[in-house]
Amino acid sequence: MTRSGRRSTTTANPPPRGGFAVVVVAAGSGTRLGHGIPKALVPLAGRPLLEHALRGIGDSGVADLVLVTVPAGDTALAAIARAHGARPVVGGASRAESVRRALAALGDDGPAPAGVLVHDAARCLTPPAVFRTVAEHVRGGARAVVPVLPVVDTVRRVDDAGRSLGTVDRTALRAVQTPQGFDLALLRAVDAAAQAAGTDPETVTDDASLVEAHAPEVAVLTVPGHEHAFKVTRPLDLVLAEAVLRERAAGTPATAGPDPDRPAPDPRGAPHP
């Protein structure tokens, strides 16, 4: 990639077919990790989470342009982004506001990307194959694509007093991951609609939910995610991430999941329930 965040178009390094823009959300505080620094700066095997995330994106080959949202006043994350050919963008107080600012930074000049992928830096070990799977479905005409895994835990509904109301049928439940892929015009439209409706940005936990709320005519397609794409949120998640990296370095299958270059099988591949 060039210093501007766009991939070089030399013959030796041709751009990926129908290159995508990737927005990496990295402005989170990381309070639950307890390191006292932004989450994306927390070290994993000696390197910040953001660096691991950017390496996965680079290895996927889908990105023409990478934007990284960083906290106001940040210099460290911005430097990491630039070192990996990405462009830092000052994020907002919420995830939704950070994505909105990144979309604005994309601008309207130049050729439009084939689509936009929105990815959480905290899902720093997401295999490149997941990026490619999501991108290929958007390139193939899907306007909103979400990687998911089947829910394996028993889930119960409870009332306000904490009493169990019974077990939830998990066969139709999926755990949602990132990157989530979108038609750029669609994502901009639903973001604007959410703003106009006065949606509290703190309640927007992922971008596919905006599509479901403000463009219900658009199907949100689910595709296989991967167990390595878990979100680093708690100290225990760092322990698991370290184990995954050790197994990858040893060249043996990690205990956290199957081959990292193969998305986990999904039993339905259906529109997001």
ask   = Please walk me through it: do Val42 and Val232 pass side chain to side chain contact (heavy atoms under 4.5 Å, CB included)?
value = CA-CA 10 Å; Val42 171; Val232 176; over 6 Å; no
Any side-chain heavy atom of [X] within less than 4.5 Å of one from [Y]?
| X | Y | value |
| --- | --- | --- |
| Thr178 | Val118 | no |
| Val168 | Leu173 | yes |
| Pro127 | Arg248 | yes |
| Asp64 | Pro113 | no |
| Val138 | Phe20 | yes |
| Val66 | His84 | no |
| Leu44 | Cys124 | yes |
| His226 | Thr126 | no |

Atom [atom1] of [X] and atom [atom2] of [Y]: how far apart are they, to the nearest 0.5 Å?
| X | Y | atom1 | atom2 | answer |
| --- | --- | --- | --- | --- |
| Leu125 | Arg55 | CG | CZ | 11.5 Å |
| Leu106 | Leu65 | CG | CG | 6.0 Å |
| Arg123 | His228 | CZ | NE2 | 14.0 Å |
| Leu184 | Arg143 | CG | CZ | 11.0 Å |
| Asp207 | Leu117 | CG | CG | 11.0 Å |
| Gln180 | Asp206 | CD | CG | 4.0 Å |

Determine whether a donor-acceptor pair (N or O, by modelled atom type, separation under 3.5 Å) exists between the side chain of [X] and the backbone of [Y].
| X | Y | answer |
| --- | --- | --- |
| Asp237 | Arg234 | yes |
| Glu242 | Ala45 | yes |
| Asp153 | Val155 | no |
| Ser98 | Gly92 | yes |
| Arg163 | Asp160 | no |
| Asp159 | Ala161 | yes |
| Ser164 | Gly166 | yes |

Which heavy atom in [X] sits nearest to a heavy atom in [Y], and how many Å separate them?
| X | Y | answer |
| --- | --- | --- |
| Pro48 | Ala40 | CB-O, 3.5 Å |
| Ala102 | Leu67 | O-CD1, 3.3 Å |
| Gln177 | Phe230 | NE2-N, 4.4 Å |
| Ala197 | His214 | CB-CE1, 4.0 Å |
| Ala86 | Leu54 | CB-CD2, 4.4 Å |
| Pro147 | Pro179 | CD-O, 2.9 Å |

message = Among Thr69, Asp120, Thr205, Val204, exactly one meets side-chain contact (heavy atoms from CB on, under 4.5 Å) together with Arg95. Which residue is that?
response =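 Among Thr69, Asp120, Thr205, Val204, the one meeting side-chain contact (heavy atoms from CB on, under 4.5 Å) with Arg95 is Asp120.
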key: Result of checking Val146, Asp183, Leu186 against Val211 for side-chain contact (heavy atoms from CB on, under 4.5 Å)   =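 Only one of Val146, Asp183, Leu186 forms a side-chain contact (heavy atoms from CB on, under 4.5 Å) with Val211, namely Leu186.
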task = Applying salt bridge (charged side-chain N to carboxylate O under 4.0 Å, His left out), run through Glu136 and Arg132 and close with a yes or a no.
result = CA-CA 6 Å; Glu136 284 303 316; Arg132 291 192 288 265; over 6 Å; no
NZ/NE/NH1/NH2 to OD/OE distance under 4.0 Å, Asp191 and Arg188 =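 Between Arg188 and Asp191 there is no salt bridge, as every charged N stays at least 4.0 Å from the carboxylate O atoms.
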query = Is Ile80 linked to Val90 within one hydrophobic cluster, defined over Ile, Leu, Val, Met, Phe, Trp and Tyr using a side-chain heavy-atom separation of less than 4.5 Å?
reply =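 Unlinked, Ile80 and Val90 end up in two clusters.
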